[in-house]
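Worksheet: one structure, shown below.
These figures come from a predicted structure and were not determined experimentally.
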Number of protein chains: 2
Amino acid sequence: MKPKILVVDDEPEAVELLEFNLKQAGYAVSAAGDGAAALKKARAQTPDMVVLDVMLPEMDGFELCKNLRLEPATSRVPILMLTAKAAEIDRVLGLELGADDYLTKPFSPRELLLRIKKILSRGAVAEKPREQMRFGDLVIDLPRHLASWKGKTIELTATEFKLLTTLAQRAGRVQSRDQLLRDVWEYDSLIDTRTVDTHMRRLREKLGAASKHLDTVRGVGYRFVE
Amino acid sequence: MKPKILVVDDEPEAVELLEFNLKQAGYAVSAAGDGAAALKKARAQTPDMVVLDVMLPEMDGFELCKNLRLEPATSRVPILMLTAKAAEIDRVLGLELGADDYLTKPFSPRELLLRIKKILSRGAVAEKPREQMRFGDLVIDLPRHLASWKGKTIELTATEFKLLTTLAQRAGRVQSRDQLLRDVWEYDSLIDTRTVDTHMRRLREKLGAASKHLDTVRGVGYRFVE
DNA sequence: AAACCGTGTTACGGAATGGTGACAAACAGG
DNA sequence: CCTGTTTGTCACCATTCCGTAACACGGTTT
């Protein structure tokens, strides 16, 4: 599972540039153009990191940073601040705001990626994906894009495979349909759809006996059990 | 009011060194030499933070960390791990253990104090909902969406589960029916309050012996007791 | 002691939920 | 351009779940 990064900047070109570079580097990126939207997205997605421009309309970066720290859901998410003035640095990193690092504009993409990597590797969150998983007779191999049951490979389509791996990597924890739509389909909008159900059905059909690992939690979502 | 810090290490000299530095910096310090003693002290004092050496006789640091997280009284206390090997870091900070930060030996006192200050400044505000709770033989696991009694899972519907967790997270405090309707059902209007009663009954029935945790407070509401 | 209040208990019909089969659009490969 | 596969959506149905009403019970008040 790629680390999720939330980019907050009011200039569309800046967002686009950041987004391109981060995606290139293998991160999952979402963006927000103002403080209110950023708070909302952060709450909903709990990203692994927030990259945040100080200059924002309405709620400025400082304010947003404080708010992120105040909410239980986001208080521990690392924050990287983008600032124009070197004079602000002390305040940014101080206890009052508690950002994890800063960058002064202009900066190179390489510089940015280095900072991000450093913060994430420091271990704030960073749940690195397991490349191969085995649950009894069920083996899932990510790089080979293969799933097998008792040594016999199971033919899965791309979506089915991604759904299976997403569930398996969070084994034990229930995933809501919305979460799955975001993580597997990469939808932002919350369309009410039975799509997830249908794909679960197809997945179960193909897995056969191995489908005992896929639990339905009525009223909540689905869960992979070991 | 000085923040209380519990230091856990089996080497007396190490404890002394830590104690000196922390007291110098204005913290109230207590110490424990092994896992069992640490658990007992943590329960009794509920410190603001635990500094914990991984290498311990009997119960090692990992085990202790897990146990601290499981008990309601200490599950939210930030933990700073002292570890010798960089290889262990992932596990320490991962979901399984959930320490808040780590330091590799050897480290300077200044470094230690910086980490502590940072964690405390953040954790003071962050009352994040507990993901797992244990009350005697009753275990409630939010992400897995599972409740169990003496290791045996209890089948609960979505609403019943939410009702149980809502009460358990505010253990000790009485919740009025209106409050429960707001928090569990997310209703604004005042509908028939007997709905809560009915669900409490179903919950008690399914919990069996564990229903001793659910108190009725006549004329007020319900309360979860430990 | 009787009326009363708050809660426990039981039962039931409507509503929500998820499984299933079918289908058409989108897509990929030759 | 054709063909077979994949994928999102829909309608239908069995099942489960939930809210309400009605009644029973015990403690409290008058």
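Residue W185(A) has its side chain nearest to dG8(D) when only dG19(C), dG8(D), dT7(D) are considered. Among the nucleotides dG18(C), dG19(D), dT6(D), the one closest to the side chain of D197(A) is dG18(C). In this structure, the nucleotide among dG19(D), dT9(C), dG8(D) sitting nearest to the side chain of R194(B) is dT9(C). Considering only side-chain atoms of R218(A), the nucleotide from dC17(D), dG8(C), dT20(D) that sits closest is dC17(D). Which of dC10(D), dT7(C), dC18(D) sits closest to the side chain of T198(A) comes down to dC10(D). Between dG19(C), dT7(C), dT9(D), one nucleotide has an atom nearer to the side chain of T216(A) than all others, and that is dG19(C).
Atoms CZ (R204(A)) and P (dG21(C)) sit 14 Å apart, rounded to a whole Å. Atom-to-atom, NE2 of H199(A) to C1' of dC10(D) comes out at 14 Å; the value is rounded to the nearest Å. Remark: C1' of dC12(C) and CZ of R201(B) are 14 Å apart, rounded to the nearest angstrom. Rounded to whole Å, the distance from CD on E155(B) to P on dC17(D) is 9 Å. With rounding to whole Å, F161(B) atom CZ is found 18 Å from dC18(D) atom C1'. Remark: P of dG19(D) and CD of E160(B) are 11 Å apart, rounded to the nearest angstrom. Between K162(B) atom NZ and dC17(D) atom P the separation is 17 Å, expressed in whole Å. Computed from coordinates, the L203(A) CG to dT7(D) C1' distance equals 14 Å when rounded to whole Å.
Nearer to the 5' terminus of DNA chain C, by closest-nucleotide assignment, is the contact made by R177(B) (compared with the other of R177(B) and E205(B)). Each of V217(B) and G219(A) was assigned the nucleotide of DNA chain C with the nearest heavy atom; the assignment lying further toward the 5' end belongs to V217(B).
Under 4.0 angstrom from either OP1 or OP2 of dT17(C) there lies no side-chain N or O belonging to Y222(A). At the phosphate of dC18(D), OP1 or OP2 sits under 4.0 Å from a side-chain N or O atom of T157(B).
The backbone N or O of Q179(A) lies less than 3.5 Å from a partner atom in the side chain of S176(A), making a donor-acceptor pair.
If you check the side chains of R134(A) and S148(A), you find no donor sitting under 3.5 Å from an acceptor. Using modelled atom types, one finds a donor on one side chain and an acceptor on the other under 3.5 Å when comparing R204(A) with T216(A).
Using a cut-off of 4.0 Å between Lys/Arg side-chain N and Asp/Glu carboxylate O, E160(A) and R202(A) are scored as not salt-bridged.
Evaluated for a side-chain contact (heavy atoms from CB on, under 4.5 Å) with Q169(B), the options L142(B), D183(B), I140(B) yield exactly one hit, L142(B).
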